[in-house]
Number of protein chains: 2
Amino acid sequence: MDDIDRKIIKILSEDARRSLSDIGNAVGLAPSSVNERIKRLGASGTLRRFTVETDPATMGLPVLAFIWVALRENADEDLFRSFVAESPHVLECHHVTGAWSYLIKIRFAQPADIEPFLAALKAHRFLGRSETILALSSPVLGVFVADGDA
Amino acid sequence: MDDIDRKIIKILSEDARRSLSDIGNAVGLAPSSVNERIKRLGASGTLRRFTVETDPATMGLPVLAFIWVALRENADEDLFRSFVAESPHVLECHHVTGAWSYLIKIRFAQPADIEPFLAALKAHRFLGRSETILALSSPVLGVFVADGDA
DNA sequence: CGTGAAATCGACCGTAG
DNA sequence: CTACGGTCGATTTCACG
């Protein structure tokens, strides 16, 4: 991880589809060298993945909710984790400290759609208690941006 | 915006470097059709940009926390919003229903660094009450990554 | 880390449903 | 209006120096 790696990450953060040669003459390296660095950054876990930024509101899922979950005493925790990982509306799921077990961040088309999701959690015997919080607005909603010089 | 568009977005969210033909036979369309849909999603603003997700832990900020905030009675709410928007460690901030006013998602180098952040909120007379929850692990983390404005 | 060749991919066209 | 198939240029990806 040197300054060139940071420059590459910065460039990819702004536009992950820039060509290797384009990035190459921005950082003063050959395309193949840039490719090797990107692969190394991916292997080391510094670059988690290539993804897209979307506007969820226009995707038909304007309702953002946070659901606190306390698992049942004998719930299959691994099964719970794979269930939420495969639920398409679940944006994030965190194992947290405090009175609750998990915090789930999730999107819905309308508030009423939360009910079947909770019903599914109950049906799988995961749910002990839960509490749902709706986001009214989001002054800050963003990705982590790596810093480095341009 | 139909189910095929959502599928494409889901696939790109998980790996934005899947080839058009690969996406094509995942959704049952020709590569060129997938290309047209992606371009249309970009033009309509539904797809904001292609980017990379970095690992904050290797960037020196391994501690993920959620801070529930109840503002003081006479707090300047607009000032609070700009304060959190300009705080570099704040990943997200949501105005929420329920007992609390706001939910802040934030990263730190170490747990001890949370204290000066809370102190700053107090110093600006924003803070009524607050409660901090640490994330121990995150089975699901940011499938639909969205940015405020870009 | 740079160079080269080969394979692959993405962009654009006309055409059809 | 959207999907399709073919073609061409660009890009990625190797092996090697």
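Reminder, nothing fancy here: chain letters follow the sequence lines and each chain counts from 1.
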Sequence neighbours excluded, which residues qualify as side chain to side chain donor-acceptor pair (under 3.5 Å) partners of [X]?
X     : answer
A/R18 : A/D22
A/S33 : none
A/D5  : A/R37
B/D3  : B/R6

Query raised in the report: With ring centroids as reference points, do B/W68 and A/W68 lie under 6.0 angstrom apart?
Result: yes

Query raised in the report: How about B/Y102 and B/F80: are their ring centres within less than 6.0 Å of each other?
Result: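 Yes: the rings meet the under 6.0 Å criterion.
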
Requested in this report: Mind checking ring-ring contact (aromatic ring centres under 6.0 Å, His included) for B/F50 and listing every partner two or more places apart, or none if nothing turns up?
Outcome: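 So B/F50 forms no ring-ring contact (aromatic ring centres under 6.0 Å, His included) with any residue.
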
Gap between atoms [atom1] and [atom2], on [X] and [N] respectively (whole Å):
X     : N      : atom1 : atom2 : answer
B/N25 : D/dC4  : CG    : C1'   : 15 Å
B/I23 : D/dA3  : CD1   : P     : 14 Å
B/R37 : D/dT2  : CZ    : P     : 9 Å
B/D22 : C/dT8  : CG    : P     : 14 Å
A/F50 : C/dG10 : CZ    : P     : 13 Å

Query - Qualifying side chain to side chain donor-acceptor pair (under 3.5 Å) pairs, either residue in residues 117-132 of chain A, two or more places apart - result: none

Report task. Return the angle between end axes of the helix from C/dC1-D/dG17 to C/dG17-D/dC1, with five pairs used per end and rounding to 10°. Result -> 40°

Query raised in the report: With sequence neighbours left out, what residues match A/L136 under side chain to side chain contact (heavy atoms under 4.5 Å, CB included)?
Result: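 If we apply the side chain to side chain contact (heavy atoms under 4.5 Å, CB included) test to A/L136, skipping adjacent residues, the hits are B/H95, B/T97.
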
Requested in this report: Only counting residues at least two apart or in another chain, list the ones meeting side chain to side chain contact (heavy atoms under 4.5 Å, CB included) with A/A109.
Outcome: A/L61, A/D113

Identify all pairs in which a protein N or O lies below 3.5 Å from an N or O of nucleotides 15-17 of chain C, and state each distance.
none

Query raised in the report: Among pairs that include at least one residue of residues 77-91 of chain A, which meet salt bridge (Lys or Arg N to Asp or Glu O under 4.0 Å), considering only residues two or more places apart or in two chains?
Result: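 Sorted result for residues 77-91 of chain A: empty, none.
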
Nucleotide N/O of nucleotides 9-16 of chain D paired with protein N/O under 3.5 Å:
residue: D/dT12; atom: OP1; partner: A/L20; partner atom: N; Å: 3.4
residue: D/dT12; atom: OP2; partner: A/L20; partner atom: N; Å: 2.9
residue: D/dT13; atom: OP2; partner: A/N35; partner atom: OD1; Å: 3.1
residue: D/dT13; atom: OP2; partner: A/N35; partner atom: ND2; Å: 3.3

